[in-house]
Structures are given as structure tokens and as C-alpha cells.
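Accompanying notes for the structure given below.
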Amino acid sequence: MAASCVPLLALALPLLLLVAWKRWRWGRAARHVIVVVLGDVGRSPRMQYHALSLAKRGFSVTFLGFCTSKPHDELLQSNRIRIVRLTELQRLAVGPHILQYGVKVVFQAVHLLWKLMCRKPAAYIFLQNPPGLPAIAVCWFAGCLCGSKLVIDWHNYGYSIMGLVHGPGHPLVLLAKWYEKLCGRLSHLNLCVTNAMREDLAENWGIKAVTVYDKPASFFKETPLDLQHQLFMKLSRTYSAFRACSEPSDPGMERSAFTERDAQSGTVTRLPGRPALLVSSTSWTEDEDFSILLAALEKFEQLIDDGERLPPLVCVITGKGPLKEYYSRLIFQKHFQHIQVCTPWLEAEDYPLLLGSADLGVCLHRSSSGLDLPMKVVDMFGCCLPVCAVNFQCLHELVKHEENGLVFEDSEELAAQLQMLFSKFPDPAGKLNQFCKNLRESEQLRWDESWKQTVLPLITDT
């Protein structure tokens with residue numbers, strides 16, 4: 001199989017060089033940028049935000065990536081952004097794993113290079129890493145041929161994510177680390193998500209990077225009560241956790257598990273005795289251990305059974321990923337009486353509305369490198385939603401314990417935090433509302449304004 005790729009490369013390279021010569025004759029477009037994600041565009045919010053900010057500053061943007069999930073409407077509606085689909089090669093069902101991986105990498109390299117060379121030459125190629133194998137080398141090569149400058153946006157280290165699956169000493173992981181370290185130095189400009197990563201890149205990789213913190217987009221905000229009701233009614237058609245426990249006696253009332261609306265006046269009110277709404281989002285990968293949350297929920301249920309004054313819970317865990325089926329089976333086995341857990345995949349426009357309607361967020365992200373921060377928490381804070389987050393190395397750069405949320409180490413501590421936060425719920429004088437107030441008063445900088453201050457000067461001065 002690998003040998004069959006050699007003739008393919010021999011045929012493809014001369015053609016690619018010919019295309020490159022044509023593109024070079026046309027010259028690169030100073031106001032054109034190519035954004036590359038070797039992953040799903042719809043699940044790459046930070047790169048979507050890059051594209052939107054570039055478009056707002058007058059750049060035309062070509063966005064290359066897999067088109068599995070729907071991106072934000074703002075991206076689709078922009079006349080300056082064009083999304084170009086990359087073909088995702090599914091893993092082969094035969095042969096050793098290393099051969100399967102090798103064939104996939106060769107295919108992705110040739111396919112991505114072809115797509116890049118068939119585009120109008122750009123002033124910059126913005127690349128998300130990870131995944132960077134083979135994208136970093138391919139984008140650098142295309143940039144050399146077409147005169148484009150490579151900008152790598154370091155979200156994490158790809159080799160550290162591979163290490164969660166294969167172990168840190170696996171030959172593939174060591175090869176990926178060598179590749180990432182070598183090719184990462186080929187870029188013209190490097191961005192990263194934390195100061196801790198910036199320092200690590202400088203000290204251990206010899207790469208100078210600029211920290212560009214994740215910031216919430218403008219559509220992450222508190223959801224008005226009428227929109228909350230609309231969302232709950234929409235979700236109740238598919239998920240029983242959002243349905244009212246009983247029908248209203250007045251046929252003119254419309255009721256969800258949390259709210260009711262007077263059809264005549266249009267007034268929406270929160271139901272007395274409503275459940276608390278707890279939200280978490282995940283890509284269902286090895287760096288998030290949801291058994292911690294499930295164990296904490298079991299303790300919370302036991303507290304209710306023991307007579308503690310605590311509300312019933314609706315726990316919504318959004319996202320897609322490889323371990324979703326595994327955890328869905330564990331959830332099904334729990335047989336909760338006072339807690340309902342549902343695991344929807346939400347439309348891009350509904351996700352901010354859900355966060356803005358929730359009472360508490362939970363984050364179980366443990367960085368594989370210890371150097372990146374969970375964007376889900378950034379989004380939650382944009383919606384003034386307090387968060388309980390599992391602790392790791394650089395979390396303090398985002399979550400301030402006892403100020404905008406709480407940090408926990410294990411399920412016991414999380415259960416105690418849930419008990420404290422939901423005691424006498426909904427208590428206007430409680431800790432939960434104090435955290436919300438702190439978030440409102442913090443006047444967080446939004447993504448586009450932050451991007452304008454940090455990234456725009458870097459690409460207009462070079």
C-alpha cells in the first residue's frame with residue numbers, strides 16, 4: 001500500500017510545481033489569507049474567529065477544513081469568507097496501525113498541497129496546530145512556492161495528545177514530537193493560547209510566540225428569558241429532560257421544565273421549584289474524565305435522598321467524540337432519580353443560548369501538555385456562567401478560584417462544591433449569584449477587540 005503511493009507522488013509533484021509557477025506569475029494577494037484546519041471547521045471556533053476578524057479588516061479569506069459540522073452563521077453569511085472542503089480519509093480497516101497511519105498522512109499531504117496550490121496565492125497561511133502532521137510541512141512548502149507567510153496558531157502540542165492514546169514513549173509519539181519541534185520553527189509567526197505555552201515554546205523549542213488568549217465571541221452572552229423559553233421548548237421536542245413534569249392547568253400557558261409562557265400576554269416566568277441546569281461540553285476524548293462528574297452526581301443524589309435541601313438537576317453534556325458511546329453507557333447504568341443527564345449535539349446557534357441559560361458550568365478538561373486552556377470555559381464566562389473546573393498546571397490563567405468559579409481536584413471536592421453552590425437554590429444571595437455578578441462586572445474583552453490589539457499589528461507590520 002505504501003509503495004503504491006510513490007508513483008502517485010511522482011505524478012503529483014511536477015503538476016504541483018507547474019501550478020505553483022502559474023500562481024507565482026500572478027503574484028500573491030496582499031489582502032488574501034488562507035486559514036487551514038486539518039479538522040472539522042464547525043468544531044474549530046478559534047480559527048472561525050480568526051477568519052471573521054480577518055474578514056472584518058478587509059481581507060478575503062479561504063478557509064480549508066473538513067465540513068462535518070455546521071459553522072457559525074456569521075461565517076457562512078460573510079461574503080469575504082469562502083469555505084473549501086477537504087476530503088477526510090477514513091482509517092483503513094486492514095494492515096498494521098502504523099501502515100494505516102502512514103497512508104493517511106501521505107494522502108492528507110498530497111491532498112492538502114493540491115488544495116493550497118489551486119487557491120489564489122495568499123499573503124498569509126494561518127494554520128491551527130494540532131493537528132500539525134503533515135499540515136505544518138505542507139503549508140510551509142506551499143508558502144515557499146507561492147510567497148505566503150506561515151502563521152501557526154499553537155492550541156496545544158499534537159504529540160502530547162497522541163501520548164494519551166499510545167503512551168509518551170511510543171515511537172509514533174516520539175516521531176511526532178521531533179516533527180512538530182523541527183517544522184514548528186519554519187513559521188514566520190507563532191501565536192499561542194497561554195503564557196505558559198509561550199514560555200515553553202521559547203525555552204524548549206526555540207520558538208518565539210505571542211500569547212493570544214481565547215476570548216468569547218460577541219454572541220456568547222446571557223440569554224434573555226424569552227429566548228431561554230424558546231430554546232427549552234425546542235429541545236423538549238427531542239430531549240425529555242427539558243419537558244415539563246406536569247401540564248399547566250391553564251391551556252393558555254406553555255411550559256418547559258424551567259419556564260412557562262403566557263400565550264396571551266407573551267410573559268415568560270421561571271417555574272418555582274425548577275431544577276438547576278448544569279452544563280458541560282466536551283469532545284469526548286482521553287483528556288476529559290467524565291467519571292469524575294458522574295461520581296459527583298451520585299454523591300449529590302445521595303445527599304438529596306438523605307434529606308438535604310437541594311434542587312433536582314438537569315445535566316446537559318454537549319459535544320461529539322470517540323468516547324461518547326462509552327460514557328453514554330455509564331450514564332444509562334446510573335438510574336438517577338433526582339438527576340437527568342442528556343448528551344445532545346447542538347446547532348452552533350443554540351450552544352451560546354444554552355450556556356446563557358444555565359446555572360453552572362463544569363469543565364473536566366485536563367490539558368495533555370498542561371499548557372493550553374479550555375475554550376469552553378472562555379465561552380461560559382462570556383455568558384456570565386460560573387464554572388467548576390478540574391485543576392491543572394496553567395488553569396489559574398483563566399479560572400480564579402472563589403472569584404469567577406471554583407477549582408476542584410476530584411469527585412469528592414466537586415460534589416462538595418455542587419452541594420454548596422446549589423444549597424437553597426435559587427438563592428439571590430448565594431455564592432452562585434455572587435460569581436455571576438463578578439463576571440458581569442469584569443467587563444471581559446471580546447475576541448474581535450482582543451484580536452485587533454494583538455494579532456492585527458503583527459500582520460500589518462510584516
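Note that this is a predicted model, so its numbers are computed, not measured.
- The distance from atom CE of Met380 to atom SG of Cys363, rounded to the nearest 0.5 Å, is 7.0 Å.
- No side-chain heavy atom of Trp451 sits under 4.5 Å from any side-chain heavy atom of Arg446.
- Shortest non-hydrogen contact noted between Pro45 and Met375 is CG-SD, 3.7 Å.
- In this model, a donor atom of one side chain and an acceptor atom of the other lie less than 3.5 Å apart for Glu397 and Tyr213.
- Side chains of Asn195 and Glu199: no donor on one and acceptor on the other come within 3.5 Å.
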Please evaluate residues Asn404 and Val387 with respect to the criterion side chain to side chain contact (heavy atoms under 4.5 Å, CB included), reporting the C-alpha separation (whole Å), side-chain torsions for both, the decisive distance (0.1 Å), and the verdict.
CA-CA 7 Å; Asn404 53 18; Val387 171; over 6 Å; no

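- Within the 3.5 Å criterion, the main-chain N or O of Val41 finds a donor-acceptor partner in the side chain of Gln48.
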Run the numbers on Ile125 and Cys146 for side chain to side chain contact (heavy atoms under 4.5 Å, CB included), then give the verdict.
CA-CA 11 Å; Ile125 299 174; Cys146 298; over 6 Å; no

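- Proximity of Ser411 to Lys299: side-chain heavy atoms (C-beta onward) are separated by under 4.5 Å at one or more points.
- How far OG1 of Thr282 is from CG of Leu323: 8.0 Å, rounded to the nearest 0.5 Å.
- The ring-ring contact (aromatic ring centres under 6.0 Å, His included) pairs that include a residue from residues 357-385 are His365-Phe392, where partners are two or more places apart or lie in different chains.
- Under the 4.0 Å criterion applied to side-chain N and carboxylate O atoms, Lys70 and Glu349 are assigned as salt-bridge partners.
- Using bins of under 30°, 30° to 60° and over 60° for the plane-to-plane angle, the ring pair Phe126/Tyr124 lands in the perpendicular bin.
- Glu180 approaches Asn156 most closely through the heavy-atom pair OE2-O, 4.2 Å.
- Contact record, Met47 with Phe63: O-CE1, 3.6 Å, taken as the closest heavy-atom pair.
- A distance-only check finds a donor-acceptor pair linking the side chain of Asn438 to the backbone of Glu403 [under 3.5 Å].
- Under the side-chain contact (heavy atoms from CB on, under 4.5 Å) rule, Thr68 has a single partner from Arg85, Arg43, Glu88, which is Glu88.
- The distance from the NZ atom of Lys215 to the CG atom of Leu445 is 6.0 Å, given to the nearest 0.5 Å.
- Counting heavy atoms from C-beta on, the side chains of Gln108 and Leu89 never come closer than 4.5 Å.
- Side chains of His155 and Asp372 form no contact here, defined as non-hydrogen atoms less than 4.5 Å apart.
- Remark: the backbone N or O of Pro130 is paired with a side-chain donor or acceptor of Gln128 at under 3.5 angstrom.
- Contact check for Asn190 versus Leu201: no side-chain heavy atoms found under the 4.5 Å cut-off.
- The pair Arg57-Asp448 counts as a salt bridge, with a side-chain nitrogen and a carboxylate oxygen less than 4.0 angstrom apart.
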For Val165 and Glu286, what are the C-alpha separation, side-chain angles and deciding distance, and is it a side chain to side chain contact (heavy atoms under 4.5 Å, CB included)?
CA-CA 7 Å; Val165 179; Glu286 288 79 2; 3.9 Å; yes

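- A salt bridge between Asp289 and Arg366 is absent, with no side-chain N of the basic residue lying under 4.0 Å from a carboxylate O of the acidic one.
- Closest heavy-atom contact between Gly184 and Trp154: CA-CZ2, 3.8 Å.
- Between Cys192 atom SG and Lys208 atom NZ the span is 12.5 Å, to the nearest 0.5 Å.
- Of all the heavy atoms in Leu297 and Leu313, the pair that sits closest is CD2-CD1, 3.9 Å.
- The closest side-chain donor-acceptor pair between Ser160 and Ser369, if any, does not fall under 3.5 angstrom.
- Under the 3.5 Å distance criterion, with hydrogens and angles disregarded, a donor-acceptor pair is assigned to the side chains of Asp40 and Ser69.
- At distances below 3.5 Å, not a single donor-acceptor pair connects side-chain atoms of His72 with backbone N or O atoms of Glu74.
- Applying the side-chain contact (heavy atoms from CB on, under 4.5 Å) rule to Asp350 yields the partners Leu231, Lys234, Leu346, Glu347, Leu353; only residues at least two apart in sequence or on another chain are considered.
- Side chain of Ser148 to main chain of Ala122: a donor-acceptor pair is present (N/O by atom type, distance under 3.5 Å, no hydrogens or angles).
- Note on Lys334 versus Glu301: no salt bridge recorded, every NZ/NE/NH1/NH2 to OD/OE distance being 4.0 Å or above.
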Could you go through the ring-ring contact (aromatic ring centres under 6.0 Å, His included) check for His50 and Trp447 one step at a time?
CA-CA 9 Å; His50 275 305; Trp447 168 269; 5.2 Å; yes

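- His166 places no side-chain N or O within 3.5 Å of a backbone atom of Val173 that could act as its donor or acceptor partner.
- At least one side-chain heavy atom of Ile83 sits less than 4.5 Å from a side-chain heavy atom of Pro71.
- A donor-acceptor contact closer than 3.5 angstrom is absent between the side chains of Tyr351 and Asp379.
- Around atom NZ of Lys400, more than 12 heavy atoms belonging to other residues, nucleotides or ligands sit under 6.0 Å away.
- With rounding to the nearest 0.5 Å, the separation of CD in Glu222 from CG in Leu227 is 12.5 Å.
- Heavy-atom neighbours of Trp345 CH2 from other residues, nucleotides or ligands within 6.0 Å: above the threshold of 12.
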Test log, rule side chain to side chain contact (heavy atoms under 4.5 Å, CB included), inputs Thr454 and Leu458
CA-CA 7 Å; Thr454 55; Leu458 300 175; 5.9 Å; no

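- Between the side chain of Ser283 and the main chain of Gly321, no donor-acceptor pair closer than 3.5 Å is present.
- A 4.5 Å side-chain heavy-atom check between Lys177 and Tyr157 finds every atom pair outside the cut-off.
- With contacts defined as side-chain heavy-atom distances shorter than 4.5 Å, the pair Leu145/Leu116 does not qualify.
- Nearest heavy-atom pair across Cys384 and Arg440 is SG-CG, 3.6 Å.
- In this structure, the side chain of Thr194 engages the main chain of Leu371 through a donor-acceptor pair within 3.5 Å.
- The main-chain N or O of Pro134 is found under 3.5 Å from a side-chain atom of Tyr179 such that the two form a donor-acceptor pair.
- Side chain of Arg80 to backbone of Lys56: no donor-acceptor contact under 3.5 angstrom is found.
- Interatomic distance, CG of Leu360 versus CZ of Phe422, reported as 4.5 Å (0.5 Å rounding).
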The test is ring-ring contact (aromatic ring centres under 6.0 Å, His included); show your working for Phe290 and Trp284 and say whether it passes.
CA-CA 9 Å; Phe290 269 82; Trp284 297 106; 5.0 Å; yes

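- Surrounding CD of Glu325 are at most 12 heavy atoms belonging to other residues, nucleotides or ligands under 6.0 Å away.
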